[in-house]
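In what follows, every chain begins at residue 1, and chains take the letters A, B, ... in the order their sequences are listed.
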Amino acid sequence: MTDTLPTYLSALNPEQREAVLHNGKSLLILAGAGSGKTRVITTKIAYLIRERGVPPSAILAVTFTNKAAREMAERAATIDSRAGYAMLRTFHSFGAWFLRRNARFVGLNPAFTIYDDDDMASLLASLAPEKSRADIKLIAHQISWAKDYFIGPADPELKLINHRKDFQKTYARYEERLAEIGNVDFGDLIKKPADILRSNPSFAEDFRSRFKVIMIDEYQDTNVAQFALLKELCGPETYVCVVGDDDQSIYRFRGAEVRNIIEFPDRFPNTDIIRLERNYRSTSAILRVASSVVDNNKGRLGKTLSAERGAGKIPVLAFLPNQDEEAAFAAHLIENSVQLGASDQPRGGKTAKAKHENEEKGRYSDWAILYRTNAQSLGFETELLRRHIPYRVVGSLKFYEREEIKDALALLSFLVNPRDEISFRRVVNKPARGVGEATVGRVIADAAGGDLWASARRLSPVLPARARAGLSVFIEALESGRSALTYPAGRRDTRAPAGETLFDADEARPPEVGDGAVEKTPAKKAEDAKRIKKAVKKPRTGEKGEIIAGEGLSICVATLIQNAGVAAYHRTHDEIAGNQRIANLQELANAASLYPATADGLLEFLEHIELDRSMEERDTDANVVTLITLHNTKGLEFRRVIITGVEQGVFPRDDKKEEEVEEERRLFYVGATRAMDELYFTSCAVRRMFGQTAIMEPSLFLSEIDKSALRVIGAAPRGFLMKTKLGKRRAKGAKSADEWDIGDRVFSDDHGYGYVKEIRDHATGAVLIIRFDTGKELSFLSNYHRSNLTRIDEE
DNA sequence: TAGTTTTAAGTTTTT
DNA sequence: CTTAAAACTA
């Protein structure tokens, strides 16, 4: 039996094994939901190292999220520890890595910081102050869109995004200004590396020898620019393996191009295709529901998932009157299942197995509540809190969106890059220290696109007393932050001249072609992860509310925040909210303690924050319910899933065009296939949206499911699924008609006088269409709006 | 310039 | 309804 496969390979099914052992030119793995795709990738990495002698550093594996990258690294390392030396990153983080090492090709200082969408908008606003915010946002969006499609300002294809000449001009000016500042935006992290490789053929040829194997996960969500980058990274020797599922492409709005996966075999000649269609996650009842919706899509490769886990429970669709009931329903389901487990708990001695089963039954962490938009989480949070059900909200980026955190980060960014006008404007007078618009304007004009820190220093003596004093505080704070840093290696003079950048362009690191010397060891990475957890868990704050410095980079962060007067401002300004803000700043400082107190460490810290804002280390052991957007569930699985708000206008939104509806269908498919054992849908008759109570219809997707595939709870609206006779409902409608008649005069506190124009039936009673004297027409549900609407009896 | 009041606008999904 | 920007006042 010496010729049998090693255990880690024999554990795979034939298709998975074929995918792992495949060798040839390029490979496309079409992996359905729950088909063990991650396992294939991680095993393949280990296999290449073990059996094929591929050096780990010659393997590049690209994932979609940082979380996925971490997970993959962990799993691969359990098969072979050397896998930890492979490069596992997101596309953007790979782009940043590449760009820092090869920035000189595009005249960029390697110490760039990364602008997020807000910074992008601020920069655009400073270029075109006459434009409204909505316009700025649109332009910002179109520019990122262009970059996702690998279109520069000079490319004729730009017309396809916005044909107007002034858009082209704005884009060009934006690029110029960004280059002057020396920063990059998200799109640049992909586009610039591709540009560099494309326009430097001999360098590109050298670089291609670094990575012999390139694997890309979630390939269905890559965009045109990422495809271009992939093409540039591939030499004649490179082995390319992409993995994806066209039915799970859900990031079109961000430039994802499903065609990348559909046309992959055409773009990479001699591609072999392997399909993974055995689903190990969900029961067939769940898969049936998921497939019946996505089957309505036209543009897809098509596949048939087979359930390896048997029939299972029929998914439940609950029609509920409103959001509160929806939250209560979800909470009730969870509570019930957990209590069931608890009450079954053995009183006396029972076997460990029985105990284990009970525990499984009763865990909060089996449950996930899914919703389309982050805003929907609120109602569930309230209800879960009330019932003392533990939960966690995944992925709302709130922490880094808090004003105090953005301010602190802007201070740090400015410290790294004193040409960063956007950060400078944000923090120079925050908290207010007498540096007004006029002074800011003078400094910016004086710097003329150059070093603002130096200009501030130079101008300070000639400014009026108040501005001078304020600016001095700002400059001194920066200097205190800088002196908390050690300078980059190789620099003799630790005392930098005033206003000098931490990194100078001429000091740029030499280009790196495949050395990989600075990569962290797997052990180091694991240790870092532990320290992150520890630091984040224990936020300490000083007694008087000052920010306490820990070790490493936190000294710099704490010093800077402290001396800029930010902490003092929050402390004195708002006692209640201020405490929270200071605690947040403290948390930021704590997170920084993991990085060395060097300029490089600061850069690394900022980059980490820009590229991975999720903050939470997913603590899989915690026994809590997960609240999460449908988008965020990609790659996750839960025993029991509740998909909420399955209503027309919410999921899908009604303003969707056909192609976008297809994308929402895929999102439905992604959400439903997260469930292992039980799946629930909730659909409300009424929902508070935009500050108004709207009458909802069940989602189009629900009507695409065969009624035998779902168990329906609650009253379905008429005409939906159940083919009830019209007359039956009429009788009920007549009931409410004795309260309301067409033509009744009504009064509403919000909208004034009006009359009943129409009465319609709905799941929970009559719907009144009221035409107000203002000309506005609104719908009211008679059972839920009585307080808002009164009938005026006329003679 | 800072703080307050008023008004308007916006709510998808994320690296 | 909430949040953010603009306008206004001290």
Go through the side-chain N and O atoms of [X] and [Y] and say whether any donor and acceptor fall under 3.5 Å apart.
X         : Y         : value
Thr682(A) : Glu326(A) : yes
Ser377(A) : Glu381(A) : yes
Asp217(A) : Thr63(A)  : no
Asn296(A) : Glu704(A) : yes
Tyr251(A) : Glu218(A) : no

Tell me what [X] touches on the nucleic acid: a base, only sugar-phosphate, or nothing, going by heavy atoms under 4.0 Å.
X         : answer
Glu663(A) : nothing
Arg666(A) : nothing
Ala375(A) : nothing
Phe91(A)  : nothing

From C-beta outward on [X], which listed nucleotide comes closest to its side chain: [options]?
X         : options                   : result
Arg372(A) : dT15(B), dT11(B), dT13(B) : dT13(B)
Phe186(A) : dT13(B), dT11(B), dT15(B) : dT15(B)
Lys137(A) : dT11(B), dT1(B), dT14(B)  : dT11(B)
Arg466(A) : dT15(B), dT14(B), dT1(B)  : dT1(B)
Thr90(A)  : dA2(B), dT11(B), dT15(B)  : dT15(B)
Thr65(A)  : dT12(B), dT15(B), dA2(B)  : dT15(B)

Note, Leu60(A) side chain near Met215(A) side chain (heavy atom, < 4.5 Å):
no

For a salt bridge (Lys or Arg N to Asp or Glu O under 4.0 Å) check, start with the C-alpha distance between Arg425(A) and Glu437(A), then their side-chain angles and the critical distance, and finish with the verdict.
CA-CA 9 Å; Arg425(A) 279 182 187 276; Glu437(A) 192 47 48; 3.7 Å; yes

How far apart are the closest heavy atoms of Ala33(A) and Arg674(A), and which atoms are they?
CB-NH2, 3.9 Å

Has [X] got a side-chain N or O lying under 4.0 Å from the OP1 or OP2 atom of [N]?
X         : N       : answer
Thr629(A) : dT14(B) : yes
Asn374(A) : dT12(B) : no
Asn429(A) : dA2(B)  : yes

What's the gap between dT12(B) and dA5(C) when it is taken at their C1' atoms, as a whole Å value?
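Their C1' atoms lie roughly 23 Å apart.
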
Suppose you measure atom C1' in dT13(B) against the same atom in dA4(C); what distance do you get, rounded to whole Å?
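Each nucleotide's C1' atom is 22 Å from the other's.
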
Find every protein N or O atom lying less than 3.5 Å from an N or O atom of nucleotides 8-10 of chain C, and list the pairs.
none

For His608(A) and Tyr595(A), take the angle between the two ring planes, folded into 0 to 90°, and tell me which bin it lands in: parallel under 30, tilted 30 to 60, perpendicular over 60.
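Tilted.
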
Provide, to the nearest angstrom, the distance between the [atom1] atom belonging to [X] and the [atom2] atom belonging to [N].
X         : N       : atom1 : atom2 : result
Trp145(A) : dT15(B) : CH2   : P     : 17 Å
Leu378(A) : dT11(B) : CG    : P     : 17 Å
Gln220(A) : dT14(B) : CD    : P     : 16 Å
His141(A) : dT11(B) : NE2   : P     : 12 Å
Asn632(A) : dT15(B) : CG    : C1'   : 11 Å
Gln248(A) : dT13(B) : CD    : C1'   : 15 Å

Walk me through whether Phe701(A) and Phe681(A) qualify under side chain to side chain contact (heavy atoms under 4.5 Å, CB included).
CA-CA 11 Å; Phe701(A) 303 152; Phe681(A) 299 97; over 6 Å; no

Report the stems of DNA chain B as range-with-range entries sorted by first number; a stem here is at least three consecutive pairs, Watson-Crick or G-U wobble, both distances under 3.5 Å, and write none if there are none.
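Stems (3+ consecutive pairs) listed as B:1-10 with C:1-10.
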
Go through it in stages, so that I can follow the logic: the residues are Tyr391(A) and Thr626(A), the test is side chain to side chain contact (heavy atoms under 4.5 Å, CB included), and I'd like the CA-CA distance, side-chain angles, deciding distance and then a yes or no.
CA-CA 6 Å; Tyr391(A) 68 88; Thr626(A) 300; over 6 Å; no

Which residue lies toward the 5' end of DNA chain B, Ser93(A) or Glu437(A), if each is placed at its nearest nucleotide?
Glu437(A)

Tyr251(A) stacking on dT14(B): centroids under 5.5 Å, ring planes under 30°?
no

